[in-house]
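When reading the values below, keep in mind they use all heavy atoms of this one structure, side chains included, and skip hydrogens, waters and symmetry mates. Residue numbers start from 1 in every chain, and the chains themselves are labelled A, B, ... in the order their sequence lines are given, proteins ahead of strands.
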Amino acid sequence: MAGKYQIPRGTFDILPEDSYKWQYVTNVFKEVVRTYNYQEIITPIFEKSEIFERSVGESSDIVQKEMYRFQDKKGREFALRPEGTASIVRSYVENNLGMNGGNTKLFYLGPMFRYDRPQKGRFRQFYQYGVENIGSDNPFIDAEVIAIGYSFLKKLGLQNFELQINSIGCANCTPNYDKALVKYFTPYLNEMCSDCNTRINKKPKRLLDCKVPSCKKIAQNAPSMLDYLDNECRDHFAGVQDFLKKMEIPFTINPKIVRGLDYYNKTAFEFIDNNLGAQNTLIGGGRYNGLISQFGGKDVPGTGFAGGFERLILSMETEELPFGKEQLPDIFLVTLGQKAFNYGNKLLLKLRDAGICVEYDPDKETMKAQMKAADRSRSRFTLILGEDELAGNKIILKDMKSGAQQFIKLEKIVESLKKMFKK
RNA sequence: GUGGGUGUAGUUCAAUGGUAGAGCACUGGAUUGUGGUUCCAGGCGUUGUGGGUUCGAGUCCCAUCAUCCACCCCA
(Lines give C-alpha, C1' and ligand atoms only; values in the text may rest on other atoms or scores of the structure.)
Protein backbone atom coordinates (compact mmCIF):
# COMPACT_ATOMS: atom_id res chain seq x y z
CA MET A 1 0.00 0.00 0.00
CA ALA A 2 2.39 2.69 1.18
CA GLY A 3 5.09 2.07 -1.35
CA LYS A 4 8.20 3.88 -2.38
CA TYR A 5 6.50 6.49 -4.48
CA GLN A 6 4.22 8.59 -2.38
CA ILE A 7 2.32 11.77 -2.86
CA PRO A 8 3.82 14.70 -0.91
CA ARG A 9 2.55 15.17 2.59
CA GLY A 10 -0.57 17.23 2.95
CA THR A 11 -1.52 16.90 -0.71
CA PHE A 12 -4.11 14.63 -2.25
CA ASP A 13 -5.26 13.25 -5.56
CA ILE A 14 -8.78 14.07 -6.57
CA LEU A 15 -9.86 10.73 -7.98
CA PRO A 16 -12.73 10.13 -10.43
CA GLU A 17 -14.97 9.07 -7.56
CA ASP A 18 -14.63 12.61 -6.17
CA SER A 19 -13.68 14.85 -9.06
CA TYR A 20 -17.28 15.37 -10.12
CA LYS A 21 -17.88 17.03 -6.75
CA TRP A 22 -15.14 19.52 -7.47
CA GLN A 23 -16.51 20.18 -10.92
CA TYR A 24 -19.95 20.76 -9.51
CA VAL A 25 -18.83 23.14 -6.82
CA THR A 26 -16.64 25.20 -9.16
CA ASN A 27 -19.42 25.38 -11.71
CA VAL A 28 -21.88 26.65 -9.13
CA PHE A 29 -19.35 29.22 -7.98
CA LYS A 30 -18.87 30.45 -11.52
CA GLU A 31 -22.63 30.68 -12.03
CA VAL A 32 -23.14 32.67 -8.86
CA VAL A 33 -20.27 35.03 -9.51
CA ARG A 34 -21.55 35.61 -13.05
CA THR A 35 -24.81 36.97 -11.67
CA TYR A 36 -22.76 39.58 -9.80
CA ASN A 37 -20.84 40.29 -13.01
CA TYR A 38 -17.42 39.27 -11.76
CA GLN A 39 -14.75 38.30 -14.31
CA GLU A 40 -12.18 35.58 -13.87
CA ILE A 41 -8.53 36.43 -13.38
CA ILE A 42 -5.84 33.77 -13.59
CA THR A 43 -2.45 34.54 -12.12
CA PRO A 44 0.69 32.40 -11.72
CA ILE A 45 0.91 30.05 -8.77
CA PHE A 46 4.28 31.52 -7.81
CA GLU A 47 5.39 35.09 -7.34
CA LYS A 48 8.39 36.92 -6.01
CA SER A 49 8.48 36.19 -2.31
CA GLU A 50 8.36 39.85 -1.41
CA ILE A 51 4.91 40.16 -2.96
CA PHE A 52 3.59 38.04 -0.14
CA GLU A 53 5.95 39.41 2.48
CA ARG A 54 4.78 42.95 1.80
CA SER A 55 1.06 42.20 1.59
CA VAL A 56 0.35 39.29 3.88
CA GLY A 57 2.77 40.71 6.41
CA GLU A 58 6.36 40.07 7.40
CA SER A 59 5.38 39.01 10.89
CA SER A 60 2.42 36.83 9.96
CA ASP A 61 2.68 33.09 10.49
CA ILE A 62 1.98 32.53 6.82
CA VAL A 63 5.11 34.38 5.78
CA GLN A 64 7.23 33.40 8.74
CA LYS A 65 6.81 29.66 8.65
CA GLU A 66 4.29 28.51 6.09
CA MET A 67 5.55 29.66 2.70
CA TYR A 68 7.07 27.33 0.17
CA ARG A 69 10.08 29.35 -0.88
CA PHE A 70 12.55 28.53 -3.61
CA GLN A 71 15.20 30.14 -5.77
CA ASP A 72 15.31 29.86 -9.53
CA LYS A 73 18.49 29.31 -11.49
CA LYS A 74 19.45 32.94 -11.24
CA GLY A 75 18.97 33.00 -7.51
CA ARG A 76 15.75 34.99 -7.57
CA GLU A 77 13.53 34.45 -4.55
CA PHE A 78 10.10 33.04 -5.29
CA ALA A 79 7.30 31.52 -3.29
CA LEU A 80 4.33 29.32 -4.10
CA ARG A 81 1.33 31.50 -3.44
CA PRO A 82 -0.10 31.00 0.06
CA GLU A 83 -3.20 33.02 -0.84
CA GLY A 84 -4.75 34.80 -3.79
CA THR A 85 -5.21 38.47 -3.02
CA ALA A 86 -1.57 39.53 -3.22
CA SER A 87 -1.16 38.31 -6.79
CA ILE A 88 -4.36 39.94 -7.88
CA VAL A 89 -3.46 43.29 -6.43
CA ARG A 90 -0.04 42.99 -8.05
CA SER A 91 -1.71 42.27 -11.37
CA TYR A 92 -4.23 45.06 -10.87
CA VAL A 93 -1.46 47.58 -10.45
CA GLU A 94 0.81 46.11 -13.11
CA ASN A 95 -1.92 46.01 -15.75
CA ASN A 96 -3.71 49.19 -14.75
CA LEU A 97 -6.95 47.29 -14.38
CA GLY A 98 -8.60 50.27 -12.74
CA MET A 99 -8.18 52.50 -15.77
CA ASN A 100 -11.68 51.97 -17.11
CA GLY A 101 -13.28 53.69 -14.18
CA GLY A 102 -15.74 52.05 -11.84
CA ASN A 103 -15.00 49.00 -9.77
CA THR A 104 -12.87 46.15 -10.89
CA LYS A 105 -14.69 42.95 -10.05
CA LEU A 106 -12.60 39.82 -10.18
CA PHE A 107 -12.90 36.21 -9.16
CA TYR A 108 -10.29 33.45 -9.07
CA LEU A 109 -9.92 29.75 -8.51
CA GLY A 110 -6.89 27.61 -7.94
CA PRO A 111 -4.43 25.88 -5.67
CA MET A 112 -2.71 27.63 -2.78
CA PHE A 113 0.22 26.33 -0.77
CA ARG A 114 1.04 26.52 2.91
CA TYR A 115 3.50 24.45 4.87
CA ASP A 116 1.17 23.52 7.71
CA ARG A 117 0.68 20.36 9.67
CA PRO A 118 -2.13 18.56 7.86
CA GLN A 119 -5.37 18.15 9.71
CA LYS A 120 -9.08 17.84 9.07
CA GLY A 121 -9.92 20.59 6.59
CA ARG A 122 -6.31 21.71 6.27
CA PHE A 123 -3.80 20.73 3.61
CA ARG A 124 -0.50 21.89 2.20
CA GLN A 125 -1.92 22.26 -1.26
CA PHE A 126 -5.52 23.35 -1.10
CA TYR A 127 -7.95 24.86 -3.54
CA GLN A 128 -9.45 28.27 -3.04
CA TYR A 129 -12.12 30.30 -4.71
CA GLY A 130 -12.36 34.01 -4.08
CA VAL A 131 -13.51 37.40 -5.25
CA GLU A 132 -11.95 40.85 -5.13
CA ASN A 133 -13.73 44.14 -5.62
CA ILE A 134 -11.26 46.97 -6.11
CA GLY A 135 -12.18 50.62 -6.37
CA SER A 136 -14.85 51.46 -3.83
CA ASP A 137 -15.00 52.21 -0.13
CA ASN A 138 -18.78 52.12 -0.14
CA PRO A 139 -20.11 49.84 2.61
CA PHE A 140 -22.60 48.60 0.04
CA ILE A 141 -19.70 46.82 -1.64
CA ASP A 142 -18.68 45.13 1.62
CA ALA A 143 -22.22 43.87 1.95
CA GLU A 144 -22.36 42.81 -1.68
CA VAL A 145 -19.15 40.82 -1.41
CA ILE A 146 -20.57 39.12 1.66
CA ALA A 147 -23.74 38.51 -0.34
CA ILE A 148 -21.77 36.63 -2.99
CA GLY A 149 -20.50 34.23 -0.35
CA TYR A 150 -23.97 33.90 1.07
CA SER A 151 -25.55 33.26 -2.32
CA PHE A 152 -22.94 30.64 -3.08
CA LEU A 153 -23.35 28.67 0.14
CA LYS A 154 -27.11 28.87 -0.16
CA LYS A 155 -27.09 27.73 -3.75
CA LEU A 156 -25.13 24.65 -2.76
CA GLY A 157 -27.88 23.91 -0.27
CA LEU A 158 -25.85 24.47 2.89
CA GLN A 159 -27.84 25.22 6.02
CA ASN A 160 -25.52 24.92 9.00
CA PHE A 161 -23.35 27.93 8.51
CA GLU A 162 -23.25 31.24 10.25
CA LEU A 163 -22.03 34.66 9.17
CA GLN A 164 -19.97 36.63 11.65
CA ILE A 165 -18.81 40.14 11.02
CA ASN A 166 -16.57 42.60 12.76
CA SER A 167 -14.75 45.83 12.15
CA ILE A 168 -11.07 45.80 12.95
CA GLY A 169 -10.67 49.52 12.39
CA CYS A 170 -8.04 51.29 10.37
CA ALA A 171 -4.55 52.70 10.85
CA ASN A 172 -6.13 55.70 12.49
CA CYS A 173 -8.06 53.94 15.22
CA THR A 174 -6.15 50.73 15.95
CA PRO A 175 -3.29 52.36 17.89
CA ASN A 176 -5.69 53.56 20.56
CA TYR A 177 -7.31 50.19 20.75
CA ASP A 178 -3.97 48.39 20.91
CA LYS A 179 -3.00 50.68 23.75
CA ALA A 180 -6.21 49.87 25.58
CA LEU A 181 -5.63 46.14 25.09
CA VAL A 182 -2.09 46.31 26.41
CA LYS A 183 -3.35 48.21 29.41
CA TYR A 184 -6.10 45.66 30.01
CA PHE A 185 -4.02 42.51 29.57
CA THR A 186 -0.79 43.55 31.29
CA PRO A 187 -1.99 42.82 34.86
CA TYR A 188 -3.02 39.30 33.79
CA LEU A 189 0.10 38.38 31.87
CA ASN A 190 1.46 35.90 34.40
CA GLU A 191 -1.79 33.94 34.15
CA MET A 192 -1.63 33.80 30.34
CA CYS A 193 0.13 31.50 27.88
CA SER A 194 3.59 32.16 26.50
CA ASP A 195 2.25 32.96 23.03
CA CYS A 196 0.11 35.71 24.43
CA ASN A 197 3.01 37.05 26.41
CA THR A 198 5.20 37.38 23.35
CA ARG A 199 2.41 38.70 21.16
CA ILE A 200 1.14 41.42 23.42
CA ASN A 201 3.64 43.94 22.14
CA LYS A 202 3.51 42.92 18.47
CA LYS A 203 -0.16 42.25 17.83
CA PRO A 204 -2.24 42.72 20.96
CA LYS A 205 -5.40 41.93 18.98
CA ARG A 206 -4.28 38.37 18.67
CA LEU A 207 -4.78 37.86 22.41
CA LEU A 208 -8.51 38.09 21.77
CA ASP A 209 -8.31 35.04 19.58
CA CYS A 210 -6.32 32.77 21.91
CA LYS A 211 -7.96 29.43 22.61
CA VAL A 212 -6.13 28.55 25.82
CA PRO A 213 -8.96 28.38 28.37
CA SER A 214 -7.33 30.67 30.91
CA CYS A 215 -6.52 33.26 28.22
CA LYS A 216 -9.97 32.92 26.75
CA LYS A 217 -11.51 33.69 30.11
CA ILE A 218 -9.45 36.80 30.56
CA ALA A 219 -10.11 37.94 26.99
CA GLN A 220 -13.84 37.75 27.60
CA ASN A 221 -13.88 41.05 29.44
CA ALA A 222 -11.31 42.79 27.28
CA PRO A 223 -12.30 46.10 25.73
CA SER A 224 -14.01 45.77 22.37
CA MET A 225 -12.60 47.16 19.15
CA LEU A 226 -16.03 48.44 18.37
CA ASP A 227 -15.73 50.97 21.19
CA TYR A 228 -12.51 52.33 19.75
CA LEU A 229 -13.47 52.84 16.13
CA ASP A 230 -13.07 56.36 14.79
CA ASN A 231 -16.09 58.05 13.31
CA GLU A 232 -15.42 56.98 9.78
CA CYS A 233 -14.93 53.31 10.66
CA ARG A 234 -17.95 53.33 12.93
CA ASP A 235 -20.16 54.79 10.21
CA HIS A 236 -18.78 52.38 7.67
CA PHE A 237 -19.46 49.37 9.88
CA ALA A 238 -22.97 50.63 10.60
CA GLY A 239 -23.45 50.99 6.86
CA VAL A 240 -22.37 47.41 6.20
CA GLN A 241 -24.80 46.11 8.78
CA ASP A 242 -27.56 48.26 7.38
CA PHE A 243 -27.05 46.90 3.87
CA LEU A 244 -26.91 43.34 5.13
CA LYS A 245 -30.24 43.87 6.85
CA LYS A 246 -31.72 45.30 3.67
CA MET A 247 -30.48 42.27 1.80
CA GLU A 248 -31.98 40.08 4.52
CA ILE A 249 -28.72 38.30 5.17
CA PRO A 250 -28.58 37.10 8.78
CA PHE A 251 -25.38 37.82 10.69
CA THR A 252 -23.95 38.12 14.15
CA ILE A 253 -21.32 40.57 15.31
CA ASN A 254 -18.26 38.89 16.70
CA PRO A 255 -15.74 41.45 17.97
CA LYS A 256 -13.15 38.70 18.35
CA ILE A 257 -12.73 38.01 14.65
CA VAL A 258 -9.15 38.88 13.84
CA ARG A 259 -7.76 38.37 10.38
CA GLY A 260 -4.34 36.78 10.31
CA LEU A 261 -3.31 38.62 7.20
CA ASP A 262 -1.92 42.08 7.84
CA TYR A 263 -3.57 43.86 4.95
CA TYR A 264 -7.09 43.83 6.32
CA ASN A 265 -8.84 46.84 7.82
CA LYS A 266 -12.38 47.94 8.59
CA THR A 267 -14.72 45.07 7.75
CA ALA A 268 -13.74 41.51 8.57
CA PHE A 269 -16.10 38.59 8.19
CA GLU A 270 -16.26 34.81 8.26
CA PHE A 271 -18.74 32.18 7.24
CA ILE A 272 -18.38 29.41 9.80
CA ASP A 273 -19.67 25.85 9.88
CA ASN A 274 -19.59 24.64 13.46
CA ASN A 275 -19.98 20.98 12.52
CA LEU A 276 -16.71 20.97 10.69
CA GLY A 277 -14.18 20.44 13.48
CA ALA A 278 -11.34 22.72 14.42
CA GLN A 279 -10.92 24.18 10.93
CA ASN A 280 -14.39 25.56 10.62
CA THR A 281 -14.00 28.71 8.57
CA LEU A 282 -15.69 28.16 5.23
CA ILE A 283 -15.03 31.64 3.89
CA GLY A 284 -12.97 34.47 5.29
CA GLY A 285 -12.63 37.97 3.99
CA GLY A 286 -12.70 41.66 4.54
CA ARG A 287 -11.56 45.06 3.39
CA TYR A 288 -7.99 45.99 2.49
CA ASN A 289 -7.91 49.66 1.69
CA GLY A 290 -4.20 50.33 1.97
CA LEU A 291 -2.98 47.38 -0.04
CA ILE A 292 -3.15 48.70 -3.58
CA SER A 293 -1.07 51.77 -2.81
CA GLN A 294 1.45 49.52 -1.10
CA PHE A 295 2.04 47.92 -4.47
CA GLY A 296 2.69 51.29 -6.03
CA GLY A 297 -0.79 51.86 -7.36
CA LYS A 298 -3.09 54.70 -6.58
CA ASP A 299 -4.63 54.70 -3.12
CA VAL A 300 -7.65 52.68 -4.18
CA PRO A 301 -9.75 50.71 -1.68
CA GLY A 302 -10.57 47.05 -2.05
CA THR A 303 -12.50 44.22 -0.46
CA GLY A 304 -12.84 40.50 -1.03
CA PHE A 305 -13.01 37.00 0.37
CA ALA A 306 -11.58 33.55 -0.12
CA GLY A 307 -12.88 30.10 0.67
CA GLY A 308 -11.51 26.59 0.54
CA PHE A 309 -13.14 23.91 -1.58
CA GLU A 310 -12.03 21.10 0.72
CA ARG A 311 -14.01 22.40 3.67
CA LEU A 312 -16.91 23.29 1.46
CA ILE A 313 -17.15 19.75 0.16
CA LEU A 314 -16.73 18.39 3.70
CA SER A 315 -19.61 20.57 4.80
CA MET A 316 -21.77 19.42 1.95
CA GLU A 317 -20.96 15.82 2.72
CA THR A 318 -21.90 16.17 6.38
CA GLU A 319 -25.17 17.76 5.32
CA GLU A 320 -25.56 14.98 2.75
CA LEU A 321 -26.11 17.38 -0.11
CA PRO A 322 -26.06 16.27 -3.75
CA PHE A 323 -23.29 17.21 -6.15
CA GLY A 324 -25.39 17.45 -9.28
CA LYS A 325 -26.32 14.59 -11.52
CA GLU A 326 -24.15 11.53 -11.80
CA GLN A 327 -22.42 11.17 -15.11
CA LEU A 328 -23.27 7.77 -16.50
CA PRO A 329 -23.03 6.42 -20.03
CA ASP A 330 -26.16 6.57 -22.16
CA ILE A 331 -25.42 3.35 -23.99
CA PHE A 332 -23.34 0.21 -23.63
CA LEU A 333 -22.69 -1.50 -26.91
CA VAL A 334 -22.54 -5.30 -27.05
CA THR A 335 -21.31 -7.00 -30.21
CA LEU A 336 -21.15 -10.70 -31.00
CA GLY A 337 -18.84 -12.05 -33.65
CA GLN A 338 -16.38 -10.50 -35.99
CA LYS A 339 -18.86 -8.94 -38.42
CA ALA A 340 -20.81 -7.25 -35.67
CA PHE A 341 -17.58 -6.07 -34.12
CA ASN A 342 -16.56 -4.48 -37.42
CA TYR A 343 -19.89 -2.77 -37.80
CA GLY A 344 -19.78 -1.77 -34.16
CA ASN A 345 -16.61 0.20 -34.74
CA LYS A 346 -18.39 2.36 -37.27
CA LEU A 347 -21.45 2.71 -35.06
CA LEU A 348 -19.46 3.77 -32.00
CA LEU A 349 -17.99 6.72 -33.81
CA LYS A 350 -21.31 7.77 -35.30
CA LEU A 351 -23.06 7.68 -31.95
CA ARG A 352 -20.30 9.58 -30.22
CA ASP A 353 -20.23 12.19 -32.98
CA ALA A 354 -23.92 12.61 -32.29
CA GLY A 355 -23.09 13.54 -28.70
CA ILE A 356 -24.16 10.26 -27.14
CA CYS A 357 -21.95 8.76 -24.44
CA VAL A 358 -21.24 5.16 -25.43
CA GLU A 359 -19.24 2.60 -23.51
CA TYR A 360 -17.70 -0.47 -25.12
CA ASP A 361 -15.37 -3.17 -23.84
CA PRO A 362 -13.38 -4.92 -26.58
CA ASP A 363 -11.79 -7.31 -24.08
CA LYS A 364 -15.06 -9.04 -23.27
CA GLU A 365 -16.17 -11.50 -25.89
CA THR A 366 -19.05 -13.53 -24.57
CA MET A 367 -22.54 -12.16 -24.27
CA LYS A 368 -22.49 -12.78 -20.57
CA ALA A 369 -19.25 -10.94 -19.93
CA GLN A 370 -20.40 -7.98 -22.00
CA MET A 371 -23.77 -7.80 -20.29
CA LYS A 372 -22.05 -7.92 -16.94
CA ALA A 373 -19.80 -5.05 -18.01
CA ALA A 374 -22.87 -3.17 -19.23
CA ASP A 375 -24.48 -3.61 -15.87
CA ARG A 376 -21.42 -2.42 -14.02
CA SER A 377 -21.11 0.63 -16.24
CA ARG A 378 -24.62 1.55 -15.05
CA SER A 379 -25.56 2.79 -18.49
CA ARG A 380 -29.25 3.22 -19.03
CA PHE A 381 -29.47 1.22 -22.22
CA THR A 382 -27.63 -1.55 -23.98
CA LEU A 383 -27.39 -1.96 -27.72
CA ILE A 384 -26.98 -5.58 -28.77
CA LEU A 385 -25.66 -6.38 -32.21
CA GLY A 386 -25.12 -9.99 -33.28
CA GLU A 387 -24.97 -11.89 -36.55
CA ASP A 388 -28.76 -12.35 -36.64
CA GLU A 389 -29.49 -8.68 -36.14
CA LEU A 390 -26.88 -7.65 -38.65
CA ALA A 391 -28.39 -10.02 -41.20
CA GLY A 392 -31.83 -8.54 -40.52
CA ASN A 393 -30.45 -5.01 -40.69
CA LYS A 394 -31.57 -4.19 -37.16
CA ILE A 395 -30.26 -3.86 -33.63
CA ILE A 396 -31.63 -4.57 -30.16
CA LEU A 397 -32.13 -1.68 -27.74
CA LYS A 398 -32.47 -2.92 -24.19
CA ASP A 399 -33.64 -0.85 -21.24
CA MET A 400 -31.47 -2.02 -18.39
CA LYS A 401 -33.91 -1.07 -15.69
CA SER A 402 -37.05 -2.71 -17.02
CA GLY A 403 -35.31 -5.34 -19.12
CA ALA A 404 -37.60 -4.52 -22.04
CA GLN A 405 -36.04 -4.71 -25.46
CA GLN A 406 -37.04 -3.63 -28.93
CA PHE A 407 -35.69 -3.83 -32.46
CA ILE A 408 -34.59 -0.71 -34.24
CA LYS A 409 -33.57 -0.49 -37.88
CA LEU A 410 -29.85 -0.07 -38.20
CA GLU A 411 -29.99 2.97 -40.47
CA LYS A 412 -32.29 4.76 -38.02
CA ILE A 413 -30.45 3.98 -34.82
CA VAL A 414 -28.36 7.14 -34.58
CA GLU A 415 -31.30 9.38 -35.30
CA SER A 416 -33.70 7.74 -32.88
CA LEU A 417 -31.15 7.66 -30.06
CA LYS A 418 -30.36 11.28 -30.73
CA LYS A 419 -34.02 12.10 -30.30
CA MET A 420 -34.26 9.92 -27.22
CA PHE A 421 -31.40 11.65 -25.42
CA LYS A 422 -32.27 15.06 -26.84
CA LYS A 423 -28.87 15.62 -28.36
C1' G B 1 6.87 23.37 15.18
C1' U B 2 4.13 20.37 19.74
C1' G B 3 0.94 16.34 21.60
C1' G B 4 -2.06 11.76 21.19
C1' G B 5 -4.10 7.64 18.06
C1' U B 6 -3.15 4.54 13.73
C1' G B 7 -0.23 1.75 9.80
C1' U B 8 -1.60 -6.31 7.88
C1' A B 9 -4.55 -8.42 0.49
C1' G B 10 -7.57 -3.47 -4.11
C1' U B 11 -10.72 -2.15 0.36
C1' U B 12 -12.83 -2.85 5.52
C1' C B 13 -10.81 -5.48 9.34
C1' A B 14 -8.98 -10.40 12.20
C1' A B 15 -4.56 -13.10 14.05
C1' U B 16 -2.78 -15.03 23.99
C1' G B 17 5.63 -13.75 21.11
C1' G B 18 5.11 -19.72 17.77
C1' U B 19 3.09 -21.85 9.89
C1' A B 20 -0.69 -14.51 8.07
C1' G B 21 -6.91 -15.10 7.80
C1' A B 22 -12.20 -13.41 6.67
C1' G B 23 -16.17 -10.16 4.46
C1' C B 24 -16.69 -6.99 0.31
C1' A B 25 -14.60 -6.08 -4.43
C1' C B 26 -12.28 -8.46 -8.59
C1' U B 27 -11.76 -12.79 -12.45
C1' G B 28 -13.75 -17.38 -14.29
C1' G B 29 -17.58 -21.12 -14.23
C1' A B 30 -23.05 -23.30 -13.31
C1' U B 31 -24.32 -26.88 -21.77
C1' U B 32 -26.50 -23.08 -27.12
C1' G B 33 -26.88 -15.10 -27.74
C1' U B 34 -28.79 -11.48 -22.13
C1' G B 35 -26.71 -8.18 -16.59
C1' G B 36 -28.50 -7.48 -11.19
C1' U B 37 -29.92 -12.63 -7.00
C1' U B 38 -27.81 -17.51 -5.71
C1' C B 39 -23.99 -21.45 -5.79
C1' C B 40 -18.80 -23.09 -6.91
C1' A B 41 -13.60 -21.98 -7.84
C1' G B 42 -9.32 -18.50 -7.70
C1' G B 43 -5.08 -14.78 -2.50
C1' C B 44 2.74 -16.20 -0.69
C1' G B 45 0.82 -10.20 1.06
C1' U B 46 8.87 -7.44 1.14
C1' U B 47 2.47 -7.20 7.86
C1' G B 48 4.77 1.30 5.83
C1' U B 49 10.42 1.37 6.09
C1' G B 50 15.16 0.54 8.83
C1' G B 51 17.38 -1.25 13.08
C1' G B 52 17.20 -3.89 17.94
C1' U B 53 15.51 -7.70 21.89
C1' U B 54 14.37 -13.10 21.33
C1' C B 55 15.43 -19.94 19.80
C1' G B 56 11.36 -17.39 17.29
C1' A B 57 8.42 -10.61 16.07
C1' G B 58 2.44 -8.63 12.47
C1' U B 59 2.67 -8.83 17.95
C1' C B 60 7.88 -6.07 22.44
C1' C B 61 11.70 -1.69 22.06
C1' C B 62 14.01 2.45 19.15
C1' A B 63 14.18 5.37 14.86
C1' U B 64 11.98 6.99 10.43
C1' C B 65 7.97 7.88 6.96
C1' A B 66 2.87 8.34 6.18
C1' U B 67 -2.06 9.02 8.01
C1' C B 68 -6.00 10.73 11.46
C1' C B 69 -7.40 14.16 15.41
C1' A B 70 -6.08 18.21 18.41
C1' C B 71 -2.68 22.52 19.61
C1' C B 72 -1.07 26.33 16.50
C1' C B 73 -2.66 28.79 12.18
C1' C B 74 -6.38 29.70 8.74
C1' A B 75 -9.48 28.65 3.71
Can you measure A:Arg122 atom CZ to B:rU67 atom P for me and round it to whole angstrom units?
13 Å
Residues A:Arg287 and A:Asp137 bridged, charged N to O under 4.0 Å:
yes
Comparing nearest nucleotides in RNA chain B, the 5'-proximal residue of the pair A:Met367, A:Glu66 is A:Met367
Parallel under 30°, tilted from 30 to 60°, perpendicular over 60°: which one fits the rings of A:Tyr129 and A:Phe305?
perpendicular
Looking at B:rU34, does its base get a donor-acceptor pair with the side chain of A:Lys372 below 3.5 Å?
no
A:Gln119 (side chain) and B:rC72 (base): donor-acceptor pair under 3.5 Å
yes
Taking only side-chain nitrogens and oxygens of A:Arg117, does any of them come within less than 4.0 Å of OP1 or OP2 of B:rU67?
no
Sticking with atom C1', work out how far B:rG51 lies from B:rC65, rounded to a whole angstrom.
14 Å
Closest nucleotide of RNA chain B for A:Tyr264 versus for A:Arg9: which of these residues is on the 5' side?
A:Arg9
Roughly, in whole Å, what's the span from CD1 in A:Ile7 to C1' in B:rC65?
15 Å
From CZ of A:Phe52 across to P of B:rA75 the rounded distance in Å is 14 Å
Look at the side-chain N and O atoms of A:Gln279 and state whether any lies under 4.0 Å from the OP1 or OP2 oxygen of B:rA75.
no
Residues A:Arg122, A:Glu310: salt bridge by 4.0 Å N-O rule
no
CD of A:Gln6 versus P of B:rG7: gap in Å, rounded?
16 Å
Between B:rA75 and A:Arg124, is there an OP1 or OP2 to side-chain N/O distance shorter than 4.0 Å?
no
Is it the case that the base of B:rG1 and the side chain of A:Gln64 share a donor-acceptor contact (distance under 3.5 Å, atom types as modelled)?
no
What is the separation between atom CD1 on A:Ile257 and atom C1' on B:rC73, rounded to the nearest whole Å?
16 Å
Take atom CG of A:Leu385 and atom C1' of B:rG33, then tell me their distance rounded to the nearest Å.
12 Å
For B:rU34, does OP1 or OP2 lie under 4.0 Å from any side-chain N or O of A:Gln370?
no
Between B:rG33 (P) and A:Lys339 (NZ): distance, integer Å:
17 Å
If you measure from the P atom in B:rG23 to the same atom in B:rA41, how many Å do you get, rounded?
11 Å
Does NZ or CZ of A:Arg69 fall inside the cone over A:Phe78's six-membered ring, less than 6.0 Å from its centre and within 45° of the axis?
no
From OH of A:Tyr115 over to P of B:rC74, roughly how many Å is that when rounded to an integer?
18 Å
Salt bridge between A:Arg311 and A:Asp273, side-chain N to carboxylate O under 4.0 Å?
no
Base of B:rC74 paired with side chain of A:Arg311 (donor-acceptor, under 3.5 Å):
yes
